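Below you'll find the structure, written out as structure tokens, and then a few comments.
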There are 4 protein chains.
Amino acid sequence: MDKRVDARKQPRQARSQATVEAILVAAARVLEREGSRAFTTNRVAEVAGVSVGSLYQYFPNKEALIVALHDRHGRAMHRVIGDALADGAHATLREAVAAVVRGMLAAHADEPELHRVLEHEYASFDERTSAPDTGFDIYREVRRLLRRHAGEVRVADRELAAWAVAHTVHALVHAAVLEPPRRRRRGALEGAIVDVVLAYLAVPSTSR
Amino acid sequence: MDKRVDARKQPRQARSQATVEAILVAAARVLEREGSRAFTTNRVAEVAGVSVGSLYQYFPNKEALIVALHDRHGRAMHRVIGDALADGAHATLREAVAAVVRGMLAAHADEPELHRVLEHEYASFDERTSAPDTGFDIYREVRRLLRRHAGEVRVADRELAAWAVAHTVHALVHAAVLEPPRRRRRGALEGAIVDVVLAYLAVPSTSR
Amino acid sequence: MDKRVDARKQPRQARSQATVEAILVAAARVLEREGSRAFTTNRVAEVAGVSVGSLYQYFPNKEALIVALHDRHGRAMHRVIGDALADGAHATLREAVAAVVRGMLAAHADEPELHRVLEHEYASFDERTSAPDTGFDIYREVRRLLRRHAGEVRVADRELAAWAVAHTVHALVHAAVLEPPRRRRRGALEGAIVDVVLAYLAVPSTSR
Amino acid sequence: MDKRVDARKQPRQARSQATVEAILVAAARVLEREGSRAFTTNRVAEVAGVSVGSLYQYFPNKEALIVALHDRHGRAMHRVIGDALADGAHATLREAVAAVVRGMLAAHADEPELHRVLEHEYASFDERTSAPDTGFDIYREVRRLLRRHAGEVRVADRELAAWAVAHTVHALVHAAVLEPPRRRRRGALEGAIVDVVLAYLAVPSTSR
DNA sequence: GATGAATGAGACTTCATTCAT
DNA sequence: CATGAATGAAGTCTCATTCAT
């Protein structure tokens, strides 16, 4: 019982491009400010300033909106990591990890609630839907990071380490924007996240 | 417009106790095996073998079911941590952390999906509802742990560390049961989680 | 992509029995008096004096209503033919055919439009739906009729004759109630239908 | 609340003619192959290779498409009967009837489903719409046939006979293409239809 | 207390039709 | 004239909750 979630129609005219964009922006806004309870196709269309019909012209169903937003976010995260891994971008592992963490924090700062909700909604139809794998594997990226800075890394099982690091960073970034501890600035949280990762991965140093 | 979510009445008789229990077990089972989409009051009542009417006799609304399950899980986690902190239970920080991680993994192993869903369902009405704080503060527990083993801990900002550790452990335990890396046994995952926490918290040692 | 059309729930209490009956009566009435355009689940529920929810408690979807009505009509026709075939009911083929035609005309007289619409609606989802074969084969019944009165029948290919007779009678009965020729009484139409069938089937006689 | 269903404008230019034709062909094809559910103006336009807007340039609404197809089919049937009645075309009643039946079978063979659907769609808005009587009366044609071969016809009430014959032929032709009995060739069906009609109309002969 | 039939607001989605480009 | 994006009324169906028995 698969459900299609890919875009129903490719917008050709500039007008439709704008409509699609408006719908996605509205979807994100509704999710962020009104919660998943209020996330109805009619409400999204209303906020987008278009009719429900227009929404369905470009998205076959409500889930497709979630998928599109999720995909969009996934690509952004991919870009952040990719940038941190770019040739010669960062000399040390710590610098690279810091860049990733900083990028992710920035990407989640504006609409923190959105990403939490998105994750839940996306997971909730993961199976019924032929959710197109966003195509990129975050673990692979982390493993590349570890390989590139192999000299500084002490963990033996790199795949296990990639798993641990990916989930840790993800969780702490979300926690940083959604449930930050009192009175800490973002910089402090960024530092803590980097510390957790580095302490685990890197050979002990005297620093810190 | 607050919504009551506390149990509608305290069941005094044994039969009522059993009914409430059956409903909660059914709720957990539906959430675990059939997903949040199927989580309807009628379905829960059916699985519990009672009528919807009876369900509403003990729970004022659907959210109360989620709250009850969430609360129940919270208490269980509390107990796990409490045990690990019991006087003289564990000599070293590593042992104490390992005990906590082991306990949490065990508590999540049976119904992993349940806890993921629960968390999001609970969060989704966090605000509209006057969700009674389950009364215990996980951070406080972690801070107690750090204080007790202060000698082994090097981090300066203990509250920040508690925040980081609590979220890290929570995320990795969930990931361990829901999205474990291929071919690693639970013991390996447990080890990795402890490693992440210890590397961050403890003064460097030669171990590992 | 099968669609279920069988009753969703078996009504157990007397109250539900009445509800189901009211819904079917309302469905027939709407189809007959307001046409298939007006045949919406809300309208049917309204005419039945119940809520849409009740309708869906007993019929999984709109099509199930059509199927139920169709089935009901099929059984009635079956009964008519069965009665005409009952042992010793009719001495001659003409009498038997006349009995069938009379019975069918009576059965269609009250709600002629209903049966026309029903047929169309039923046919329109014949394939998408796993329409339960009403279980009885009208051809078989006609063949039995021909066999029983074999002495009077001259047609060689009985199966072909059954096909022709079944469709002819069906069409003329419908036409008789829906588009009768001007100023003919029902008796005259009944006679004409029997004449068409008998002239085709029976050995020529001097009668008429 | 009458609704206009006649062509919105008479296409004068060749290109317009072609567009109208393409639309009608597409409408027939959709109805035949995809069913009345799929018969949407957008789908018809798509299959016709034109925009919806263009469709509405030539047809004021969806019903007009049905009317046009129905009308077209009616004219074709009229032609078939007219040919069979042409002066000196057929010497005997049987030959004339056979010609009509053969012509009708041929006309329905290509798109059998289309005609069934058409009939019901047409009937479904017969009243709301001021459906222009297609202008020719099939009964009149049949009566002419009976009059011309009066010598061979034994039935007394010619109008009643025309009614019976018209409906019988119509039903059997449709049945022949839509629900033919197993393993009979079209010739056999044609023969059976002619037999039914002739046995009813004509004076008994020794033939057959 | 228990039952389960009934309710009905409201969510999702379609499609005939219009109109700016 | 053609295009196709946009509209929105209307229809199907679900499910939390109530209440007569």
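The model shown is predicted, which means the values in this text are computed figures rather than measured ones. Residue numbering restarts at 1 for every chain, and letters A, B, ... go by the order of the sequence lines.
Salt-bridge formation is detected for the pair C/E63/D/R37: a Lys NZ or Arg NE/NH1/NH2 atom is positioned less than 4.0 Å from an Asp or Glu carboxylate oxygen.
At the phosphate of F/dA2, OP1 or OP2 sits under 4.0 Å from a side-chain N or O atom of D/Y58.
In this structure, E/dT21 and F/dA2 make a Watson-Crick or G-U wobble pair, each of the two defining distances being under 3.5 angstrom. Base pairing analysis places F/dA9 opposite E/dT14; the two distances defining the Watson-Crick or G-U wobble pair are each below 3.5 Å.
Across C/E32 and C/L114, no two heavy atoms sit closer than the pair OE1-N, 2.6 Å. Counting all heavy atoms, side chain and backbone alike, B/A27 lies closest to B/L69 at CB-CD1, 3.9 Å.
Atoms OH (D/Y56) and C1' (F/dA2) sit 16 Å apart, rounded to a whole Å. If you take CD1 of D/I66 and P of E/dA16, they are 11 Å apart, rounded to a whole angstrom. Rounded to whole Å, atom C1' of E/dG10 lies 12 Å from atom CG of C/N42. Rounded to whole Å, atom P of E/dG1 lies 12 Å from atom CD of B/Q17. Atom CD in B/E46 sits about 14 Å away from atom C1' in F/dC15, given to the nearest Å. Rounded to a whole Å, the CD atom of A/Q57 is 10 Å from the P atom of F/dT7. For A/N61 and F/dT12, the CG to C1' distance is 16 Å, given to the nearest whole Å. In this structure, CD1 of D/I23 is placed 13 Å from P of F/dC1, rounded to the nearest angstrom.
In this structure, the side chains of C/F39 and C/L65 come closer than 4.5 Å at one or more pairs of heavy atoms. For the pair C/L24 and C/F59, the minimum side-chain heavy-atom distance is below 4.5 Å.
If you run ring-ring contact (aromatic ring centres under 6.0 Å, His included) between B/H115 and each of B/H120, B/H73, B/H70, only B/H73 comes through.
Checked against side-chain hydrogen bond (donor to acceptor under 3.5 Å, both in side chains), D/R43 has the following partners two or more places apart in sequence or in another chain: D/E34, D/E46.
Less than 4.0 Å separates DNA chain F from at least one heavy atom of each of the following residues of residues 47-54 of chain A: A/V50, A/S51, A/G53, A/S54.
Map B/T19 and A/T40 each onto its nearest nucleotide of DNA chain E; the residue landing nearer the 5' end is B/T19. Two residues, B/K62 and C/F39, neighbour DNA chain F, and the one matched to the more 5' nucleotide by heavy-atom proximity is C/F39.
Picking from E/dT18, E/dC12, F/dT12 the nucleotide with the shortest atom distance to the side chain of A/T41 gives E/dC12.
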